[in-house]
Amino acid sequence: MTTDRGDGGDAVARLVADRVLDVPDFPQAGVVFKDLSPLFADGESFRGVIDGILEHYGRGSFDVVAGIEARGFVIAAALAYAAGVGVVPVRKAGKLPREVLSASYELEYGEAVLEVHADAFVANQRVLVVDDVLATGGTAEATLGLVERAGGTVVGFTVLLELAFLGGRKRLAGRPVHALLTV
Ligand code: AMP
């Protein structure tokens, strides 16, 4: 039997491992897409991962959750509700209606831009940033920088699944990365 590894212990790592589907060659040849929609669709597992994240950080240790579009929104909203705090969306370019701060970052092919409302955070508000998958770390690096430029203090970056071979954690060296499952 193989054991599932993660920063939240074996049981919660297994919840993710049991409900993630590998989709080869999506969205392009050579990429194995980690589809977490079966996890989101299973009430008990979804609750288990949200509770696992909250248990790790502890209630009262963050003031707001920032979720990265789009799958990060699913996790961020549930976590924020469970913790009794609010949620801030970090969105792709052109989606937010008021003044924004922007960060561009490299994708495998080309460039992408993420944005947050300039007034999204109160100064020094403690922000927990959430996404589904940590791959190369470019998305996370851009987002953490944005949160700080907008006045927030990053207290953590948490994902359900980390693809260790892509080196995201190294790229985010010095940042408080937490992954429920590392493969
Ligand atoms: P990266 O910036 O390379 O760390 O990529 C992370 C972002 O892209 C996250 O928002 C993920 O949702 C998405 N992503 C990257 N690679 C994958 C993958 N293999 N499976 C699912 N989502 C991925």
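When a ligand or atom number is given, it counts from 1 through the structure's own listing order. What you are looking at is a predicted structure, and each value in this text was computed from that prediction instead of being measured.
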Using a threshold of 4.0 angstrom between heavy atoms of the protein and any atom of ligand 1, which residues qualify? Val32, Phe33, Lys34, Arg71, Asp131, Asp132, Val133, Ala135, Thr136, Gly137, Gly138, Thr139, Leu163
Using a 4.5 Å side-chain heavy-atom cut-off and chaining through intermediate ILVMFWY residues, the residues clustered with Val88 come out as Val64, Ile68, Val90, Leu101, Tyr105, Leu107, Leu114, Val116, Phe121, Val127, Val129, Leu134, Leu144, Leu146, Val147, Val154, Phe157, Val159, Leu172, Val177
Side-chain heavy-atom pair Leu128, Leu79 within 4.5 angstrom cut-off: yes
What do you reckon, is CD of Gln28 surrounded by more than 12 foreign heavy atoms closer than 6.0 Å? yes
Is it true that, when you exclude Arg175 itself, more than 12 heavy atoms of the residues, nucleotides or ligands shown sit nearer than 6.0 Å to its CZ? yes
Between the side chains of Glu69 and Lys95, is the shortest nitrogen-to-carboxylate-oxygen separation below 4.0 Å, so that they form an ion pair? no
Is the number of heavy atoms from other residues, nucleotides or ligands within 6.0 Å of OH (Tyr81) greater than 12? no
